[in-house]
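In what follows, a structure is listed as structure tokens, so that the remarks can point back to it.
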Amino acid sequence: MNAAKPAPASAPTTAGAPTITPETVASHGFKGDEYPRLLKILGREPSLTELGIFSVMWSEHCSYKSSRVWLKTLPTTGAQVIHGPGENAGVVDLGDGDCAVFKMESHNHPSYIEPYQGAATGVGGIMRDVFTMGARPVANLNALRFGDPSHPKTRHLVSGVVSGIGGYGNCVGVPTVGGETNFDAGYNNNILVNAMCVGLAKTDKIFTSAARGVGLPVVYVGSKTGRDGIHGATMASAEFDDKSDEKRPTVQVGDPFTEKLLIEACLELMATDAISSIQDMGAAGLTSSTAEMADKGGVGIDLDLDHVPQRESGMTAYEMMLSESQERMLMILKPGREPEAEAIFRKWGLDFAVIGITTDTGRMIVKHKGVIEADLPVPVLANSAPMYERPWVPTVPPKAILPEWVPAPNTLLGTLKSMLAHPQLCSRRWIWEQYDHMVMGDTVIRPGGDAAVVRIHGTKKGLAVTCDVTPRYVTADPVMGTKQAVVETWRNLIAVGADPLAITDNMNFANPERPEVMGQFVGSVKGMSEACRVLDYPVVSGNVSLYNETNGVGIPPTPAIGGVGLIPDTAYMATIALTRPGDLLVLVGREQGWLGQSLYQQIVAEKLEGAPPPVDLADELKAGRLVRGLIREGKVSAVHDVSDGGLLVAISEMALAGGEHGSGLGVELFPYEGKLPPHAIWFGEDQGRYVLAVTPKDAEEVIERARLLALPARIVGRAGGDRLVLKGEAFLPLDELRTAHESWLPGYMGEGPA
Amino acid sequence: MIRASVIVFPGSNCDRDVKVALERVTGSPVSMVWHGDATVPASDLIVLPGGFSYGDYLRCGAMAAHSPIMKDVIAKANAGTPVLGICNGFQILCESGLLPGVLMRNASLRFICRDVWLKVEATDTFFTRRYAKGQLVRISIAHAEGNYFADAETLARIEGEGRVAFRYSDAKGVVSPDTCPNGAQNNIAGIVSANRRVLGMMPHPERLFEDALGGIDGRKVFESAVESLAAA
């Protein structure tokens, strides 16, 4: 099998197989001069199987052909980085031989077509990316965007996506500890489901995918291959139209039970040294995994599809190579290690089959029933996808507006109540209570705050995780909006007391062939680069999802950012919950009363105008270091970063989460006596701010330490009682506020508050 | 030295969690026993952990109840070995006939993960003696099928024999349909066998056994076992 072969002069086609027509080419997603390019590269016409293989390898989803030139400009290195982009997931150092392995990935297109399975397999896929590298998944997060609540499909999509995420993650037994959810008409026909997984590994036991060595067995483990998900990657690389429902058969079906067994079996085998390299079969299944492993290792692979475990009879080579059946992995074993590996997989009731061998031919040769169905040079297959420098026009950000231009409300507390009851700001409890967020017994900060924290099992260290983006800011100004998204995750990690380490990004955009969309993407990358560089918070993994567009209408640009940080000692953390009556609330950070693109403007004035709040990275660093230092000195009893909805929303979230077992702890708010309009102070979304709860004695020290850093700080309230009190207004009982905050989502989903 | 065994089914996912809690409370190493084994090693107590044994296929716990190891678990339970079934473990105990009744889909049809209040009812059992009767405790639930149901005669019997260990309540101790998270009959969260040595409960005591996790109300389940063994 190892003998070098000359390139076949003609395509390896089975007698009677369909010939390649222009329609076949178009239906495989080839555009413009892509097919002529393929003919030129191959020097002949491809077989149908080969055409299918190239169609997925050249899809936007697999090749990043529109985005790669820009992604290369992102900062991806740092002392903390062990593996940046290029492997299945990024890896950062946690000290003591521990490392975190993480990535976020989209499952947008499938989730719109079939929400339960689309979301479930999104979770399954991202967990495989993580345990493929030798890490045990320890935390899942998700960033969800749905259409307007009044859109007829929204309720169905929310229900399906949430139960799909829960159905998968709960069964596998990995806690889903964080996430975010938005509703916006811009996602009416293209929802976004971005799943993030974080795993823990030992730094000296990281597995990679490069197939090193010749004559080694290529082993298939996991579920059997079926016809589900064929062309999933191609589907995910195209816009939707009115016939999108017909794409349902391209959505994969997940089985979390098998995933759980696969995790345990893989980790058990990984504890030995039998594995040479390993790769999950994700998008483009067997095709992509074999091509990547062979290319990275500089070898060839001969595959015999007769040995592939099959769920259905009569599957063709084309179908097997393109299937996206879930819960499958490909491994290259060290010589002679098959028996012990097979014993482990059999013990867990999983399929185990040697389906090929590594060769020195540099070719991927696919045989089925004795016929060569594909014979392709690996480097060409893996690296020949077109790279586009698509034309782009920068987004022109709107001019800043003055706070005085946005009308004041009748009452501040009444407005607060209606804002907290609004779909944009209401409690997401209905969602995260459907996710097991405590399994594995290490969740020490649960969902609902700034970041969740899971302990590094058996140690006092903690891993802080969060994800965030504010699409309305990015729409107005992709550069500043993306900078803000990066910074907000950084602040969320700081606010629990963590050292922010690195991010994963999930770039969700519309059709990149439109220059204004490409301009959003380019602006977003630029903003991300700047923030990551200044904060020493590099991008270690990511995913790009383009063509989120239906009938020519695209989504708001949505670069979701997932951040990971390290807490050296979980005895020194902070949560948003106010716990000590009598504590003073100190606001740290600069105030301009920024109402442009704010939720106040959207909910109360029913407009979104002006520039989004600017981010000052130097101020962020100063404020972040101060806050983290205070947490570690044990000086604060609660911390919350100020984001959506502004200061008053942040304080009320701290109040609602406070008290014994979250029963609430009230706040007396101190009237603002400066020059800006009060509603801009209470609802403005100025960046770089935190609210800290400290004893009256420590409040003076906090303000003084901020002053030495040239950061403004002032006392904005005092914890106590069971209501929000503001001079000149009727008080607002926390129970009343809680009911308003908790009611909308359960009510909308038709189940009443539970 | 306390010999505790945790049964590991394919799809168990709280096996490690309960092992950690047991080891911390008993100070003794815990044996992890594979579902395909024929016998449980000599044990002072056996735990059926939470999770999704066999992927919840057929019915929750139904397939696990027929796994090879369960023959021996049933035999040992009938001979007096204490058995604790948590969440999926409770479902397995019901499916294997060690406890009466069945756990149906939650009334809301949703998976629910949150801390709930429980009122301790029976304290004359192997796993609850360290609680006070009527005590209110806060323990986490995480399940989609915790809606306890038994026919009228069975329900009357277990109530009459004082075999309800825990009922769902609110923070004030009110036990009513409004304070039941899953629709369970009589707010039943946990029951014991006639010999009071087999406890099945939907809430996860191993999730709130240390302050770092948000509370210690679950710890007494394990402390009760230690005390019961010491008293024996």
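Quick caveat, the model's predicted, so the values are computed rather than measured. Residue numbers start from 1 in every chain, and the chains themselves are labelled A, B, ... in the order their sequence lines are given, proteins ahead of strands.
Looking at every heavy atom in both residues, A/K260 comes nearest to B/G11 through CG-CA, 4.1 Å. Closest heavy-atom contact between B/N13 and A/V439: O-CG2, 3.5 Å. Considering all non-hydrogen atoms of both residues, B/P10 and A/L261 come closest at CB-CD2, 3.6 Å.
With a 4.5 Å cut-off on non-hydrogen atoms, A/V172 touches chain B through its backbone but not through its side chain. Of the two parts of A/T443, only the backbone, made up of N, CA, C and O, holds a non-hydrogen atom closer than 4.5 Å to a non-hydrogen atom of chain B. In this structure, the portion of B/D17 lying under 4.5 Å from any heavy atom of chain A is its side chain and not its backbone.
The aromatic rings of B/Y57 and A/F257 lie perpendicular to each other, with more than 60° between the two planes, well past the 30° mark.
Rounding to the nearest 0.5 Å places CG of A/D436 at 12.5 Å from CD1 of B/I112. With rounding to the nearest 0.5 Å, the separation of NZ in A/K347 from CH2 in B/W34 is 5.0 Å. Here CE of A/M438 is found 4.0 Å from SG of B/C113. Values are rounded to the nearest 0.5 Å. Here the straight-line distance linking atom CZ of B/R207 with atom CE of A/M440 works out to 11.0 Å at 0.5 Å rounding.
Ranked by non-hydrogen atom pairs under 4.5 Å with chain B, the options A/V174, A/T570, A/D255 are led by A/D255. Comparing A/C171, A/G349, A/G458 by heavy-atom pairs within less than 4.5 Å of chain B, the highest count is held by A/C171. Taking chain B as the reference chain and counting heavy-atom pairs below 4.5 Å, the highest number among A/E259, A/H661, A/E264 is found for A/H661. Per-residue heavy-atom pair counts under 4.5 Å with chain A were compared for B/L208, B/V18, B/D15, B/D115, and the maximum is reached by B/D115.
Taking 4.5 Å as the limit, some side-chain heavy atom of A/H457 sits within range of a side-chain heavy atom of B/R16. Proximity of B/E210 to A/V444: side-chain heavy atoms (C-beta onward) are nowhere separated by under 4.5 Å. Side-chain contact between A/E433 and B/F111: absent, with no pair of heavy atoms (C-beta onward) separated by less than 4.5 Å. No side-chain heavy atom of A/R446 sits less than 4.5 Å from a side-chain heavy atom of B/L213.
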